[in-house]
Amino acid sequence: MKRKQQDILSFFKSTNGTAQIIKKQKKNEPEVQYKPKWMQSVKVVNDSIPLIFDKIHWHRVSYYKPSFEKSLSNPRFTTVYGCDEDLKSETKRKYPIEPIPDFLLPVLKEVEKVTNQHYNMIMCNLYLEPGHSITWHSDDENFLGPNPCIASLTLGGTRDFFLREKADHQNKIKWELAHGDLIVMKGATQHDWEHAVPKRTQANEPRINLTFRKVIDYRGTNNYYKYTKFGDDDPSTSVRYLYNRKRRAVVIADEQQETKKE
Ligand SMILES: O=C(O)CCC(=O)C(=O)O
Ligand SMILES: [Fe+2]
């Protein structure tokens, strides 16, 4: 027997016939691009900020979750614009679609340019109170296709954004997302990692987060309209809120219109 082979055999013998698993020293990393203050260098996006704060109609979604046997409500305000482009299945869309509004089109265009991707939906989150948050989840639904690219823009207040590996929750990464920061998750990130924006203990500036996504069919459209816009409400009576910069609070949209008329 050649010497090299002998060494290998004696190694296995010394460990009772079980090969030792050596833990990888280098931890896995998600495929994430972080562009701090990206927005500040893009004038059209910067110019859209006041409109984004003033014109988005927010919803406070609640829906019945059978596995919990109770209704849950999202701990933040949310909404969504756009839809899939599958015209053949248009009739399977369950909710009234709101197209991406004009004031978001320049932002969409610039995000598409910098990420070199096409998106058809913009999901919006408003974190107004310290308790507003999003729990650990991954945006890994089939209707986003395999390895989706999701771009996420922060406006206003700073919030911590965490990623943790599904297979090893200790492998965690934190970004402090501040005004104008763009973070892009792609590749296997949704498959292998979860992300979250935890509650804070103290209030800070309100934060708006816009996420740019591409859904491939009506299932994605239905899902996002349900979980970020209407929940179990009847779409025709669902309450809409506007953010009021002076009051730093939301007001019921139709009441704000009334106040303006008086
Ligand atoms: O607010 C954020 O930065 C993340 C929001 C998010 O993960 C989501 O809407 O799926
Ligand atoms: Fe997410």
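Ligands are counted one by one from 1 in listed order, and the atoms in each one are counted from 1 as well. Position 1 is the first residue of the sequence; numbering continues from there. Here the structure is a predicted model, which is why all the values come from computation and not from measurement.
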- Give the atoms of ligand 1, by number and element, whose distance to some non-hydrogen atom of D139 is under 4.0 Å. 10 (O)

- If you measure from each non-hydrogen atom of R213 to ligand 1, which part falls under 4.0 Å: side chain, backbone, both or neither? side chain

- Among the N, O or S atoms of D139, the one nearest the Fe ion (ligand 2): OD2

- Looking at the Fe ion (ligand 2), which N/O/S atom of H137 is the nearest one? NE2

- ligand 1 to M123, heavy atom cutoff 4.0 Å, flagged ligand atoms 9 (O)

- Between D232 (side chain) and Y64 (backbone), is there a donor-acceptor pair under 3.5 Å? yes

- Report the C-alpha distance between R219 and D217 in whole Å, list the side-chain angles of each, state the deciding distance to 0.1 Å, and finish with yes or no for salt bridge (charged side-chain N to carboxylate O under 4.0 Å, His left out). CA-CA 6 Å; R219 294 169 307 146; D217 60 34; 2.9 Å; yes

- Item | ILVMFWY clustering at 4.5 Å (side-chain atoms), partners of Y63 | V61, F68, L72, Y227

- Query: Quick one: are the ring centres of F230 and H59 less than 6.0 Å apart?
  - Reply: yes

- Query: Which protein non-hydrogen atom lies closest to atom 1 (O) of ligand 1, naming both residue and atom, and how far is it?
  - Reply: Y127 OH, 2.5 Å

- Item | N or O contact, H195 vs ligand 1, cut-off under 3.5 Å | yes

- Task: Starting from atom 3 (O) of ligand 1, locate the nearest protein heavy atom and write down its residue, its atom name and how far away it is, to 0.1 Å.
- Result: R207 NH2, 2.8 Å

- Note on the structure: Counting heavy atoms under 4.0 Å, the part of I183 that contacts ligand 1 is neither

- Message: Counting only heavy atoms closer than 4.0 Å, does ligand 1 sit against the backbone of R159, its side chain, both, or neither?
- Response: neither

- Item | Geometric cation-pi criterion R60 and F77, 6.0 Å radius, 45° cone | yes

- Query: Considering only heavy atoms of V197, which atoms of ligand 1 have at least one such atom less than 4.0 Å away?
  - Reply: 1 (O), 2 (C), 3 (O), 4 (C)

- Got the closest protein heavy atom to atom 9 (O) of ligand 1, with its distance? N125 ND2, 3.0 Å

- Note, I52 side chain near L104 side chain (heavy atom, < 4.5 Å): yes

- Query: Hey, would you say the Y224 and F143 ring centroids sit under 6.0 Å apart?
  - Reply: yes

- Message: Can you confirm whether more than 12 heavy atoms, excluding those of D234, are under 6.0 Å from its CG atom?
- Response: yes

